[in-house]
Protein chains: 2
Amino acid sequence: MLQTYYENNDKFLIAVDCIIFGFQDKELNVLLTRRPVEPLKNEWSLMGGFMENGESLDQAAEKILFRYTSHKDIYMEQVGAYGDVDRDSGGRVVSVAYYALVNAENFNTSRAKKYDAKWLSVSKLPKLVFDHNKMVEDAIKLLQYKASNQPIVFKFFDEKFTLTELQDLYEAIYQMQLDKRNFRKKLSNMNLLDKLDEKDKVNSRRGAYYYTFNKERYEKFIEEGNRFSL
Amino acid sequence: MLQTYYENNDKFLIAVDCIIFGFQDKELNVLLTRRPVEPLKNEWSLMGGFMENGESLDQAAEKILFRYTSHKDIYMEQVGAYGDVDRDSGGRVVSVAYYALVNAENFNTSRAKKYDAKWLSVSKLPKLVFDHNKMVEDAIKLLQYKASNQPIVFKFFDEKFTLTELQDLYEAIYQMQLDKRNFRKKLSNMNLLDKLDEKDKVNSRRGAYYYTFNKERYEKFIEEGNRFSL
DNA sequence: GCAAAAGTGTTGTACTTACACCCATGG
DNA sequence: CCATGGGTGTAAGTACAACACTTTTGC
């Protein structure tokens with residue numbers, strides 16, 4: 001009786017598509033691939049795949065990310081579900097989009113290369129298959145919102161970063177210029193970064209100090225009723 | 001071959017659950033029902049149902065809303081997809097939550113009564129089935145965000161409203177008190193409301209002027225680079 | 001005439017914006 | 001010695017928060 005009620009209904013393929021954001025060359029990039037199967041084989045596409053019985057949506061997203069990049073424990077966040085009847089010309093598929101934030105430089109693209117994966121700037125995206133352009137747009141809006149009031153951008157770096165890099169990253173995400181002194185003032189007011197003794201000497205002769213994000217200090221900061229804002 | 005690739009994958013039941021928000025007695029309410037089927041029959045639940053083959057997610061959401069309330073053309077927005085393996089004790093179901101904004105007063109609950117539907121304040125919600133409490137929480141957060149920077153709250157009213165009602169509504173959504181003069185100052189600065197000659201004489205002897213939201217003015221306002229903010 | 005809600009301005013504070021020069025270093 | 005990016009403070013303007021009294025009218 002119970003089974004009857006549930007099982008009498010239509011079932012659907014559920015796909016997960018990943019918008020993998022990386023920061024490189026002062027630009028926000030998305031890791032795109034040539035679609036490996038028909039229809040629209042070889043067209044630019046997000047990395048996607050089908051959800052399987054034993055896994056949650058979140059687990060399916062991690063699986064897809066791992067399949068294409070061999071990376072685990074990556075920060076991911078759901079963007080939303082896309083369910084138009086004709087969104088996928090290959091069949092009826094409901095897709096759930098997730099974005100992931102990774103360090104593009106240290107990112108192992110050897111495996112991704114097998115799939116013709118490339119980092120492409122969000123400001124010059126090609127036409128992607130199906131509704132994937134819409135997914136990227138929605139993901140960017142969500143990322144802009146989250147980045148403005150939560151310290152998620154640090155996931156783009158391997159621990160340490162210079163203030164200039166951090167500002168370049170925010171400019172790439174917001175797609176606007178920021179004032180250097182005002183940006184640094186906000187940062188130093190929140191007092192959430194630790195200055196290292198080490199300098200990055202690659203980008204300038206003088207060298208720029210590296211900083212790290214202090215998670216403990218951030219937790220206290222929030223407990224005390226403050227709000228992260230950049 | 002194409003069909004093979006798609007069809008070899010697992011298929012899932014997809015449900016849509018509706019968080020129907022209404023404004024009544026100076027509180028933000030959700031229309032809840034007693035779950036009509038096993039498992040957890042008669043427990044408090046959101047209004048939900050299964051998606052069918054021929055319809056999009058959005059259409060399925062409209063269908064569910066219509067089924068329980070006989071209303072069409074209601075403002076709805078997707079909250080997100082919920083896909084934990086064991087979220088529904090009756091079987092493997094991925095659910096997509098939507099919220100809807102309605103005028104609770106003029107709302108036809110005769111049909112809803114058939115389902116034991118009741119308006120319950122979001123501040124004193126009972127335990128709902130499955131992950132429905134989480135869905136409501138997420139919906140409230142999204143509503144708070146949207147209400148702060150988009151003129152969606154007017155969907156709670158049938159056209160006209162008093163400024164006091166509008167403020168009460170924002171206080172219910174934000175779950176905090178607002179300053180009357182500051183609130184009205186912001187409103188009059190944006191200049192998006194039209195004052196009617198008519199007064200509401202129910203809530204006070206003096207009477208409060210009714211206002212309407214001017215959509216054309218809002219569109220110009222946005223074109224000119226302004227931002228809605230309340 | 002009084003209770004109950006409607007309506008109305010000002011001031012101090014905090015935040016945001018705009019803006020320009022010196023510093024350190026490698027080549 | 002010079003080119004390049006790193007680093008720093010101040011002043012003006014804007015937005016936000018706090019605050020209390022008068023008005024209207026049905027009973």
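Below, read A as the first sequence line, B as the second, and so on, with proteins coming before strands; counting in each chain starts at 1.
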> For DNA chain C, whose closest nucleotide is more 5', that of A:Gly207 or that of B:Gly207?
Replying inline: B:Gly207
> Would you say the side chain of B:Asn182 and the base of D:dA18 hold a donor-acceptor pair, judged only by whether the two atoms sit under 3.5 Å apart?
Replying inline: yes
>> Looking at A:Trp44, I'd like to know if the NZ or CZ of A:Arg35 sits under 6.0 Å from its six-membered ring centre while staying within 45 degrees of the ring's axis.
In response: no
> For the pair made of CZ in B:Arg227 and P in D:dC16, what is the distance, rounded to whole Å?
Replying inline: 12 Å
> Is there a donor on the side chain of B:Arg206 or the base of C:dA6 sitting less than 3.5 Å from an acceptor on the other?
Replying inline: yes
>> Under the rule for side-chain contact (heavy atoms from CB on, under 4.5 Å), what residues qualify as partners of A:Ala97, not counting sequence neighbours?
In response: A:Ile19, A:Val79, A:Tyr82, A:Met135
> For A:Lys201 and C:dG26, is the shortest distance between a side-chain N/O and OP1 or OP2 below 4.0 Å?
Replying inline: yes
>> Please give me every residue in residues 161-176 of chain B whose heavy atoms get under 4.0 Å of an atom in DNA chain D, ordered by residue number.
In response: none
> So with a 6.0 Å cut-off around NZ of A:Lys127, is the heavy-atom count from everything else above 12?
Replying inline: yes
> Above 12 or not: heavy atoms from other molecules or residues under 6.0 Å from CG of B:Asn189?
Replying inline: yes
Side-chain donor-acceptor pairs under 3.5 Å in residues 155-164 of chain B, sequence neighbours left out?
{"from": "B:Asp158", "atom 1": "OD2", "to": "B:Asn106", "atom 2": "ND2", "distance (Å)": "2.5"}
{"from": "B:Lys160", "atom 1": "NZ", "to": "B:Glu198", "atom 2": "OE1", "distance (Å)": "3.2"}
{"from": "B:Lys160", "atom 1": "NZ", "to": "B:Glu198", "atom 2": "OE2", "distance (Å)": "2.6"}
{"from": "B:Thr162", "atom 1": "OG1", "to": "B:Glu165", "atom 2": "N", "distance (Å)": "3.1"}

>> Going by the rule side-chain contact (heavy atoms from CB on, under 4.5 Å), which residues pair with A:Asn182 if we only count those two or more places apart in sequence or in a different chain?
In response: A:Asp179, A:Lys185
>> Expressed as a whole number of angstroms, how long is the span from B:Phe183:CZ to D:dA15:C1'?
In response: 17 Å
> How close or far is atom C1' of D:dT8 from atom NZ of A:Lys180, stated in whole angstroms?
Replying inline: 9 Å
> The side chain of B:Asp179 lies closest to which of these nucleotides: D:dC19, D:dG7, C:dA5?
Replying inline: D:dC19
>> Checking contacts here: which listed nucleotide (C:dA6, D:dG7, D:dC19) is nearest the side-chain heavy atoms of B:Arg181?
In response: D:dC19
> Partners of B:Lys199 by side-chain contact (heavy atoms from CB on, under 4.5 Å), sequence neighbours excluded?
Replying inline: B:Lys201, B:Tyr209
> In Å and rounded to the nearest 0.5 Å, what is the CG to OG distance from B:Asn149 to B:Ser229?
Replying inline: 7.5 Å
> Which one, C:dA18, C:dT8, C:dA3, comes nearest to the side chain of B:Arg205?
Replying inline: C:dA3
> Near DNA chain C, which residues from residues 184-196 of chain B have a heavy atom under 4.0 Å away?
Replying inline: B:Arg184, B:Lys185
> Whole-Å distance between D:dG5 C1' and A:Asp200 CG?
Replying inline: 10 Å
> How long is the gap from CG on B:Asp116 to OG on B:Ser45, to the nearest 0.5 Å?
Replying inline: 12.0 Å
